[in-house]
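Have a look at the structure below before the remarks.
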Amino acid sequence: MSDHGDFTFGHADPDRSDEVLTIPGTLTTKRPLGEWDEESLVLGIETSCDETSASVVRGGREILSNVIVSQTELHGEYGGIVPEIAARAHVEALTPAIGEALFRADLTFWDLDAIAATLGPGLIGSLLVGVAEAKSMAAVLEIPFVGVNHLEGHLYSNMLADEKAVFPALALIISGGHTMLIDCRGHGEYEILGGTIDDAAGEAFDKVARFLGLDYPGGPEIDRLSLLGDPTAVSFPRSMINEAGFDVSYSGLKTSVINHVRKLEAAGSEISIENIAASFQAAVVDIQVAKTMAAADHIAASRVLLCGGVAANSGLRSGLAGACSKAGIELFVPPMELCTDNAAMIAACGTAMLRRGIYMSLDAGPDPNLPLARGV
Ligand code: KG4
Ligand code: ZN
């Protein structure tokens with residue numbers, strides 16, 4: 001087996017930092033560890049949830065390809081992600097996605113310097129598909145395998161989009177699975193300042209949308225309808241907004257929406273889905289903007305990095321843009337294809353780890369609860 005089986009999670013052995021990995025007859029040189037410059041080619045693989053993605057990123061910054069195969073339609077009829085279906089769909093989609101990513105980048109497997117795949121957090125069956133394929137490829141090609149934390153990956157979506165989006169910064173990762181405010185002091189140096197104590201923001205959007213009979217995923221639908229409604233029509237509670245700390249709660253808000261609609265139905269009153277969507281979205285935005293600005297103030301942040309699927313929300317974008325500009329803070333929001341789950345951010349994060357000499361042994365396995373703050 002390959003030499004890098006000797007290393008466990010952590011810094012690579014400095015004595016071997018100039019090691020050149022070779023496969024006789026097929027490969028002559030490989031990038032020595034520690035020399036992850038503008039030319040290094042890293043294949044990223046992301047299969048933590050319901051997007052199968054493969055991407056090639058050069059030098060941790062330049063996206064040569066970013067193939068994303070969405071499973072939304074498969075899960076739509078169930079109104080949410082079915083883990084078993086997700087894992088099977090990854091099995092079918094991943095190898096073609098990798099082939100397509102290499103094709104679009106005009107590269108072959110043998111050009112790659114390393115493989116980065118999401119190690120967690122996520123659905124275990126889905127993670128396993130990506131990690132197993134990544135490790136197999138790394139073993140055959142005799143190049144490093146680097147397991148990436150999905151949340152840390154999201155942070156790098158900002159850096160791929162804008163070179164001014166650097167650490168230190170406050171990050172808000174807001175998606176269907178996570179809602180988290182993170183003090184990012186440097187690469188691999190993170191402190192979680194707060195997050196949801198129950199539903200993630202995207203989960204609340206999806207659950208409210210489902211209750212209102214809208215299609216899955218419901219976030220974009222609510223956002224669309226919000227633009228047609230009155231955000232002040234219903235005064236939904238902004239729970240925890242005035243409490244100390246940076247945690248949020250969206251479960252009570254979701255229940256308030258449900259109770260409100262049931263009350264209207266029982267009274268036979270007319271229901272404006274647009275007004276309900278707009279009022280719900282306004283409550284989420286008020287809460288999240290307030291907590292984000294409080295956290296930014298707490299750590300004296302000069303930058304806010306917004307990422308994750310809910311970063312697409314028009315209300316959140318404009319609410320945060322207004323608040324940040326008032327506070328003299330620069331706000332960064334990546335384009336949509338980098339906000340949602342994608343492998344480019346995994347490749348970029350993996351490259352940043354390799355630059356610090358971090359990669360994994362081939363017995364590293366996925367961890368559905370992988371913590372972000374690991375103090376590397
Ligand atoms: O990051 P992502 O693609 O997957 C993970 O959850 O990791 O995020 C998907 C989430 C879903 O909950 C979806 O409803 C939400 O992002 N979302 C939105 C919008 N677009 C996507 N939520 C609110 N407004 C949007 N425009
Ligand atoms: Zn995500």
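All ligand and atom numbering here is 1-based and tracks the order in the structure. We use all heavy atoms of the structure for the numbers below, so side chains are in, but hydrogens, waters and symmetry mates are not.
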Do F145 and M137 come close enough that some side-chain heavy atom pair is under 4.5 Å? no
N, O or S from H150 under 2.8 Å to the Zn ion (ligand 2): yes
Among all protein heavy atoms in this structure, tell me which lies nearest to atom 4 (O) of ligand 1, with the distance rounded to 0.1 Å. D341 OD2, 3.5 Å
Does G202 reach ligand 1 with a nitrogen or oxygen that is under 3.5 Å from one of the ligand's nitrogen or oxygen atoms? yes
Atoms of ligand 1 under 4.0 Å from any heavy atom of G177, numbered from 1 in the order shown, are 6 (O)
Around atom CZ of R210, are there more than 12 heavy atoms of other residues, nucleotides or ligands at under 6.0 Å? no
Suppose we measure from atom 18 (C) of ligand 1 to each protein heavy atom; which comes out shortest, and what is that distance? G219 CA, 3.6 Å
Which label fits H150 and H178: parallel for a plane angle under 30°, tilted from 30 to 60°, or perpendicular past 60°? tilted
Logged contact type for V310 with ligand 1, heavy-atom cut-off 4.0 Å, is both
Taking the six-membered ring for Trp, are the ring centroids of Y78 and Y216 within less than 6.0 Å of each other? no
In this structure, atom 26 (N) of ligand 1 is nearest to the protein heavy atom D223 OD2, 2.9 Å
Are C49 and ligand 1 in contact, using a heavy-atom cut-off of under 4.0 Å? no
Please identify which atoms of ligand 1 are closer than 4.0 Å to at least one heavy atom of S175. 1 (O), 5 (C), 6 (O), 7 (O), 8 (O)
So, D50 side chain and I81 main chain: donor-acceptor pair closer than 3.5 Å or not? no
Whether the side chain of D111 engages the backbone of T108 through a donor-acceptor N/O pair (distance < 3.5 Å, no angle test) should be reported. yes
Around atom CG of D106, are there more than 12 heavy atoms of other residues, nucleotides or ligands at under 6.0 Å? no
Using a heavy-atom cut-off of under 4.0 Å, does the side chain or the backbone of N313 touch ligand 1, or both, or neither? both
Between E62 and R58, does any NZ, NE, NH1 or NH2 come within less than 4.0 Å of an OD or OE carboxylate oxygen? yes
Looking only at protein heavy atoms, which one is nearest to atom 21 (C) of ligand 1, and how far off is it? G309 O, 3.4 Å
Give the residue, atom name and distance (to 0.1 Å) of the protein heavy atom nearest atom 10 (C) of ligand 1. G176 N, 3.5 Å
Under 4.0 Å from a heavy atom of P217: give me the atoms of ligand 1 that qualify, with their elements. 14 (O)
Have a look at the Zn ion (ligand 2) and estimate, to 10 degrees, the angle subtended by NE2 (H154) and OD1 (D341). 100°
List the closest protein heavy-atom neighbour of atom 11 (C) of ligand 1: residue, atom name, distance to the nearest 0.1 Å. D206 OD2, 3.5 Å
Between F236 and H260, how do the two ring planes meet: parallel, tilted or perpendicular, split at 30° and 60°? perpendicular
Quick one: do R224 and E221 make a salt bridge, cutoff under 4.0 Å? yes
Within 4.0 Å of some non-hydrogen atom of A312, the atoms of ligand 1 are 20 (N), 26 (N)
